There are 2 protein chains.
Amino acid sequence: MQKETLCLGLLSLGPRSGYEIKQMFEGPLSDFYSLSFGTIYPTLNNLQADKYVSCKQHSQSKKPDKKVYTITKKGMDLMKDNLLGDASSYIRSGNFGDQIKSEFFLLLLFSKYIPDETMNTVLNERVLYLRQKLEQFKYDGPVPGNLDAIRNEKSVSFIRGLASALIETGLNYMEKNRHLLKKKIN
Amino acid sequence: MQKETLCLGLLSLGPRSGYEIKQMFEGPLSDFYSLSFGTIYPTLNNLQADKYVSCKQHSQSKKPDKKVYTITKKGMDLMKDNLLGDASSYIRSGNFGDQIKSEFFLLLLFSKYIPDETMNTVLNERVLYLRQKLEQFKYDGPVPGNLDAIRNEKSVSFIRGLASALIETGLNYMEKNRHLLKKKIN
DNA sequence: ATTATATATATCATTCTGATATATACACTC
DNA sequence: GAGTGTATATATCAGAATGATATATATAAT
């Protein structure tokens, strides 16, 4: 999916600044996708130049102006068009282009070169990390204003449920099978 | 993990060419990590220049010479050092740096702009794709020579078991909950 | 008083990918 | 037998993206 489609999609949830879009990537989207400031800001500028979004500058005393972008009719049309095209091409190729770079799996892969004690700590930390993630996905309380819109998306409950189920499976598997990675019998 | 550590790690399983390293990324590693030719070849050249690997050219009639790299003692030492450093820094930060960019999740996220019929086909294709992946991870028969070493790694059975469990969970969840994504009652 | 974190945009060197170039062999189809 | 597609094998590079840094201020914590 192009960065333009993605930014338009996030702006379709409501007007937002580049900084707030980044907050979505750091927050609720962090486990699925991310874009850097170096991508977000130029993309928004280009979208504005081509009238896919409009921009209102809110001058703030002494902070840089907050530039709040609103998606236009033209932008909504482009977004929907692109999404349909993406969906069709994924169907045609049968390839979803999901890209994973997991440092954790690489560490597992080469675990035979890492002392059992160190690997043990790594796995303990991973379990803690996954438990935190699980809590995050199951948490249903209030969230900061700019993240509210995405939380309330119907598709997001589907995704959160899926993520929770996957993490639970991962945790169970690790607790049951981590002994397989041991090199020496203590 | 640096590309150097990763290439050294793969060469620690046995001597290999750059092309064969790429085959590992396209094959058994494709779901966890990947590097392009544009990264692999320069990395191998640099590792050779610094004596972390040695190289034997096998001249092949009319094909380019096959350059088979072998990890040196110096290379093994660097790899182990780097792996320990990586493990320690992951433990310290509690952040595993896993990076996911999932086109499928983005499509789900914006599914309300995509017709039910199209999304239905997308989900059907995803189920087929996951079933294929599941078969791949469960398959235990013979594999091409250059992929044999990685298949026989003890850590790889752990990873394959984990991947299988995760995919099964994902498939079950999708079959049970895909109706939640529907916008209209047919 | 100092350090750290948060808001807010912008830029850019370095890194990485994805595509292309080059060259050949082999299998398949029309 | 001509053409197409796939596989082997390395190399390079334009274009894209990241991660870091710059700028400026407020607020909370130590």
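Note on naming: letters A, B, ... go to the chains in the order of the sequence lines (proteins, then strands), and numbering restarts at 1 for each one. This is a predicted model, so every value here is computed, not measured. Only this structure's heavy atoms are used, side chains among them; waters, hydrogens and symmetry mates stay out.
- OP1 or OP2 of D/dT8 lies within a sub-4.0 Å distance of a side-chain N or O belonging to B/Tyr19.
- In this model, the phosphate group of C/dT17 is not approached by any side-chain N or O of B/Ser34 to a distance below 4.0 Å at OP1 or OP2.
- Here the side chain of A/Lys176 pairs no donor or acceptor atom with the backbone of A/Leu171 at under 3.5 angstrom.
- Regarding contacts with the backbone of D/dT10, a side-chain N or O of B/Tyr41 is found under 4.0 angstrom from either OP1 or OP2.
- Taking the ring axis of B/Tyr113 as reference, the NZ or CZ atom of A/Lys80 does not stay both within 45° of it and closer than 6.0 Å to the ring centre.
- Side-chain nitrogen and oxygen atoms of B/Lys3 include at least one within less than 4.0 Å of the OP1 or OP2 phosphate oxygen of C/dC16.
- Salt-bridge formation is detected for the pair B/Asp116/B/Lys183: a Lys NZ or Arg NE/NH1/NH2 atom is positioned less than 4.0 Å from an Asp or Glu carboxylate oxygen.
- Cation-pi contact between A/Arg126 and B/Phe96: present, with separation from the ring centre below 6.0 Å and deviation from the ring axis of at most 45°.
- Rounded to an integer number of Å, the gap from B/His58 NE2 to D/dA9 C1' is 13 Å.
- Taking 4.0 Å as the cut-off between side-chain N and carboxylate O, A/Arg160 and A/Glu135 do not count as a salt-bridged pair.
- Whole-Å rounding puts the B/Lys22 NZ to D/dA11 C1' distance at 14 Å.
- If you take CD1 of B/Ile40 and C1' of C/dG18, they are 13 Å apart, rounded to a whole angstrom.
- Using a 4.0 Å cut-off on heavy atoms, the residues of residues 82-107 of chain B that approach DNA chain D are B/Lys101, listed by number.
- B/Thr39 has no side-chain polar atom (N or O) that falls below the 4.0 Å cut-off from OP1 or OP2 of C/dT15.
- For B/Lys101 and A/Tyr33, the positive end sits near the middle of the six-membered ring, less than 6.0 Å away and at most 45° from its axis.
- Of the candidate nucleotides C/dT9, C/dA10, D/dT18, C/dT9 has the atom lying nearest to any side-chain atom of A/Ser17.
- The CG atom of A/Asn146 sits 8 Å away from the P atom of C/dT7 (whole-angstrom rounding).
- Note on B/Gln57: every side-chain N or O is 4.0 Å or more away from OP1 and OP2 of D/dT10.
- The side chain of B/Lys67 places an N or O atom within less than 4.0 Å of a non-bridging phosphate oxygen (OP1 or OP2) of D/dA11.
- A straight line from NZ of B/Lys66 to C1' of C/dA23 spans 17 Å, rounded to a whole angstrom.
- Ring geometry, A/Phe37 versus A/Tyr19: the interplanar angle falls under 30°, so the pair is classed parallel (tilted spans 30 to 60°).
- Remark: P of D/dA16 and CG of A/Leu35 are 14 Å apart, rounded to the nearest angstrom.
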